[in-house]
There are 2 protein chains.
Amino acid sequence: VPDARPPVPPAPDGLLAALRAVVGEANVVVDADVTAGYERDWTGRFVGRTPAVVRPGSTDEVAAVLAACTAAGVRVVPQGGNTGLVGGSVPLAGEVVLSTRRLDDVGPVDELAAQVTVGAGATLARVRAATLPAGLDVGVDLAARDSATIGGMVATNAGGLRALRHGPMRHQVVGIEAALADGRVVSHLRGLLKDNTGYDLPGLLCGSEGTLAVVTRVRLRLVPVLAHRATALLAVASWADAMALVAGLRRVLPGLEVVEAVDRIGVDLVADAFGIRVPFTPTPAVAVLVECADVRDPLDDLAAALADRAEVVDAAIADDPQRRAGLWAVRERCTDAVATLGVPTKLDVTLPAAELAAFAVDVHAVVAAVAPGARVVVFGHVGDGNLHVNVVVRPGAGSGAPPGPDPGADVHERVTVAVFAEVARRGGSISAEHGIGTAKRGHLHLVRSAEEVAVFRAIRAALDPAGTLNPNVLTPPA
Amino acid sequence: VPDARPPVPPAPDGLLAALRAVVGEANVVVDADVTAGYERDWTGRFVGRTPAVVRPGSTDEVAAVLAACTAAGVRVVPQGGNTGLVGGSVPLAGEVVLSTRRLDDVGPVDELAAQVTVGAGATLARVRAATLPAGLDVGVDLAARDSATIGGMVATNAGGLRALRHGPMRHQVVGIEAALADGRVVSHLRGLLKDNTGYDLPGLLCGSEGTLAVVTRVRLRLVPVLAHRATALLAVASWADAMALVAGLRRVLPGLEVVEAVDRIGVDLVADAFGIRVPFTPTPAVAVLVECADVRDPLDDLAAALADRAEVVDAAIADDPQRRAGLWAVRERCTDAVATLGVPTKLDVTLPAAELAAFAVDVHAVVAAVAPGARVVVFGHVGDGNLHVNVVVRPGAGSGAPPGPDPGADVHERVTVAVFAEVARRGGSISAEHGIGTAKRGHLHLVRSAEEVAVFRAIRAALDPAGTLNPNVLTPPA
């Protein structure tokens with residue numbers, strides 16, 4: 001197979017030597033066999049080339065690497081665990097890769113403050129391994145926890161499984177240290193919960209996708225580990241009922257932590273593919289999974305709250321781990337079940353509460369208009385308005401038959417444009433959790449006005465006037 | 001008494017006519033008797049003059065007013081309820097005042113989303129009057145609720161009485177509309193809880209003190225009204241014990257909403273001034289007030305949690321409103337009690353959890369070194385590390401004797417500098433809630449590095465290159 005990637009651009013004279021002087025010979029990687037692992041994203045959709053992967057071991061080294069690259073006019077892509085889904089951390093145009101993975105120090109857990117200071121390169125799993133023995137946890141959790149780094153989670157404002165209760169990564173960060181493109185360092189890590197002394201740089205860097213600065217250390221707030229959980233799987237008759245249920249439960253269950261939903265097509269698909277069935281007949285229009293966590297067993301509170309809700313057609317409820325896992329299975333196996341049909345177009349969108357139900361119904365007609373015969377499966381974090389729309393344009397026969405063929409990039413794009421346009425028409429967002437990256441830059445205009453994009457550009461130019469940092473992401477090409 | 005204020009600078013030719021064309025004759029106020037109310041802050045410490053108070057009635061009018069002023073080279077001070085404490089909303093150098101108070105529309109409460117969209121000029125009390133009948137409340141509450149506007153609370157990132165549970169204003173804002181200095185408008189009001197499509201402009205504008213844009217409308221998340229409350233007043237032996245108590249209770253009381261503290265001097269002063277006594281003998285080193293709120297009576301949970309804490313020397317606990325009010329009285333009357341001694345220097349500071357107790361002890365020696373004989377009273381929102389340090393340099397005799405004289409601005413400043421230096425040495429912040437305004441600009445360097453201030457300036461210049469907006473606040477004079 002010929003290598004379709006662009007050729008490796010040579011590094012300017014002297015840059016590699018300057019970088020070696022900063023981080024040491026061993027941490028400037030130019031061997032193509034090794035750099036290959038940094039040039040391709042997790043999905044395999046985004047592949048580029050780099051003249052060098054630089055692995056600084058301290059904030060000062062990050063700063064010196066950035067200063068050297070900016071001085072040489074060389075652009076830089078920061079990379080953490082490289083688990084993103086929008087091509088935001090790979091060198092698509094011959095950039096130097098700055099890997100943060102050596103910045104993996106995890107400081108002592110400050111139990112008095114319920115906080116910890118960690119290096120940007122520490123994985124979420126590593127941080128939790130340090131905090132859980134103290135009865136404290138990070139407020140954000142996600143499936144990529146063993147690879148995703150805290151710095152990457154900050155840069156993408158990761159959401160994950162608990163955002164309904166604890167908010168996204170932006171709400172966990174109480175201090176930040178970062179290096180600017182010109183080598184200056186800003187550091188504010190004392191973990192002050194109230195600190196009205198200037199603009200909120202931690203919040204600005206959260207979700208900035210590596211375009212404003214390279215995060216080197218983060219002060220995280222921690223949440224108490226809640227030992228008791230109760231889970232319910234519910235049959236409801238419509239997406240509108242699911243939304244009304246969310247609104248009702250939020251008022252009476254302060255311990256509400258998760259509200260997920262799967263539509264009928266998804267429920268049937270999981271049963272068909274894996275024999276995992278919901279305990280309801282017939283299959284409900286929407287299956288809703290609800291979980292509460294508290295310092296004591298929340299089962300009775302959850303049962304009482306559900307008994308008051310007219311939207312609940314049928315319910316199964318559990319507080320023991322094994323039966324709870326059984327209730328979770330239908331939601332957890334959705335992605336795998338879709339893959340048995342064929343290669344999906346996966347869209348991570350969010351809608352205003354008042355628009356979500358109508359969108360979840362109408363999206364079928366929207367897709368049918370551009371891809372007749374496609375299967376559309378809708379599931380996601382309905383508690384915070386976040387839906388994952390999965391479209392398989394050429395589905396296989398199902399029930400163990402081989403999955404259908406990949407319809408090709410053009411068809412994925414046609415479906416994407418149609419669904420995003422519908423999302424935008426209803427005031428939603430084309431990226432709930434994943435960010436814009438390089439994948440969605442061309443669609444940003446659907447949800448952000450020219451004035452907003454101009455403000456983004458102005459802020460970007462203010463912090464990185466030379467344009468060193470992650471040039472292929474977030475703002476569209478000028 | 002001669003008027004010591006600077007003379008009113010004349011408005012440039014044509015500007016007033018242009019402003020009248022935008023907002024109408026009646027909303028460009030030049031009558032000195034009327035403008036006087038906009039030229040003086042709530043404390044009376046900050047007084048200036050303005051050539052005109054402009055009162056736009058819509059976002060488009062705000063934008064046109066700003067565009068006209070920027071084009072004329074005239075600077076603008078945005079003003080909401082004018083309840084700030086740091087001189088951030090008055091025209092100190094002859095700026096035009098842009099009053100947001102006519103932008104007081106309160107939209108329908110979106111019960112499905114638990115959100116509401118309101119004009120920047122709506123007071124907090126007005127917004128709550130609309131949401132409370134729906135069983136929903138704003139997550140931030142503060143004493144100035146009848147005058148403070150939502151726009152001003154956003155601009156200052158107000159904290160208030162519930163920040164421990166719900167976070168500051170920045171955590172309540174899920175969408176924002178604002179006019180830039182050149183008249184462009186950015187608007188993103190759909191209330192999406194997850195929306196990773198660019199930099200977090202709502203978070204950036206929160207706490208920006210009117211220097212980046214004028215907020216015109218805000219989309220607020222709302223929290224359920226919790227009908228049941230339990231309150232405890234506790235005797236503890238030291239500030240260190242108070243901090244350990246906070247950390248312990250936070251882990252086992254998900255419904256914890258308030259943790260306040262008053263030191264022995266404050267407790268005795270409230271007893272001396274108003275006959276309000278804590279039910280403990282002798283007076284404890286620190287009195288801690290704890291409150292939980294839940295969907296059912298949290299009294300038993302609170303009592304059980306307190307029984308497990310060795311730091312609690314003595315306790316009084318209540319769940320009925322009348323007895324709860326009695327427990328609150330010692331904390332609520334602190335400010336009035338201090339005023340009976342004389343004119344205080346009032347400092348709103350915050351410390352890292354690990355430093356707070358030592359600071360609260362050492363601040364007495366720090367003050368004594370620069371103001372021998374001064375009385376120092378420490379109280380505040382200890383649950384989130386926020387202390388109010390009150391220093392009366394020339395106290396009266398107490399017990400109904402007349403308060404001592406105001407020692408004068410020089411002495412206030414000497415005490416301020418000494419306390420701020422100690423706060424900075426311990427990694428704290430010189431403004432927890434109040435902001436920098438004009439009052440603390442000169443002290444910003446104590447807690448923000450030159451690199452941080454440079455980044456603030458760069459962001460400010462990016463959004464307001466002409467320097468139109470609130471020129472006397474936040475960043476120090478260049």
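In the text below, chain A, chain B and the rest are named by the order of the sequence lines, each starting its count at 1.
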Report summary line: Given E355(B), R457(B), E209(B), R426(B), the one with more heavy-atom pairs under 4.5 angstrom with chain A than any other is R426(B)
Requested in this report: Return the minimal non-hydrogen interatomic distance between S429(B) and L192(A), and the atom names on each side.
Outcome: CB-CD1, 3.6 Å
Query raised in the report: Are there residues of residues 194-205 of chain A that reach to under 4.5 Å of chain B by heavy atoms, and which ones?
Result: K194(A), D195(A), N196(A), T197(A), G198(A), Y199(A), D200(A), L201(A), G203(A), L204(A)
Query raised in the report: With a 4.5 angstrom heavy-atom cut-off, which part of A163(B) approaches chain A: side chain, backbone, both or neither?
Result: side chain
**Report entry** Heavy-atom proximity to chain A below 4.5 Å, by part of R251(B)
**Finding:** both
Query - Proximity breakdown for R441(A) and chain B, heavy-atom pairs closer than 4.5 Å - result: neither
**Report entry** Side-chain donor or acceptor of R250(B) paired with backbone N/O of L112(A) under 3.5 Å
**Finding:** yes
Query raised in the report: So what's closer than 4.5 Å to chain B heavy atoms on Q115(A): side chain, backbone, both or neither?
Result: neither
Requested in this report: Go through the atoms of P352(B) and report whether side chain, backbone, both or neither lie under 4.5 Å from a heavy atom of chain A.
Outcome: both
Query raised in the report: Where does S187(B) contact chain A at under 4.5 Å (heavy atoms): side chain, backbone, both or neither?
Result: backbone
Query raised in the report: At a heavy-atom separation under 4.5 Å, does N386(A) approach chain B through its side chain, its backbone, both, or neither?
Result: side chain
Query - Options V223(A), L136(A), L164(A), L356(A), ranked by heavy-atom pairs under 4.5 Å with chain B, top entry - result: L136(A)
Query raised in the report: Of the backbone (N, CA, C, O) and the side chain (C-beta and beyond), which part of D348(B) lies under 4.5 Å from a heavy atom of chain A, both, or neither?
Result: neither
Requested in this report: Any chance you could lay out the side-chain contact (heavy atoms from CB on, under 4.5 Å) test for L463(A) and I459(B), step after step, and finish with the verdict?
Outcome: CA-CA 8 Å; L463(A) 269 67; I459(B) 293 171; 3.7 Å; yes
Query raised in the report: A458(A) and A462(B): which non-hydrogen atoms are nearest, and at how many Å?
Result: O-CB, 3.5 Å
Report task. Side chain from CB out, backbone as N, CA, C, O: work out which of these in L444(B) comes under 4.5 Å of a heavy atom of chain A, or both, or neither. Result -> side chain
Report summary line: Checked E433(A), M243(A), R460(A) vs chain B; the most non-hydrogen pairs under 4.5 Å come from E433(A)
Requested in this report: Identify which of A353(A), A432(A), G428(A), G191(A) forms the greatest number of heavy-atom pairs closer than 4.5 Å to chain B.
Outcome: A432(A)
Requested in this report: Pick whichever of K440(B), R184(B), R170(B), E111(B) has the most heavy-atom pairs under 4.5 Å with chain A.
Outcome: R170(B)
Report summary line: Most contact-rich option vs chain B, by heavy-atom pairs under 4.5 angstrom, among L212(A), L351(A), L193(A), is L212(A)
Report task. Examine whether an atom of V453(B) lies under 4.5 Å from a heavy atom of chain A, and if so say whether it belongs to the side chain, the backbone or both; otherwise answer neither. Result -> neither
Report task. Please look at L180(B) and chain A and tell me whether the side chain, the backbone, both or neither of the residue comes under 4.5 angstrom of a heavy atom of that chain. Result -> side chain
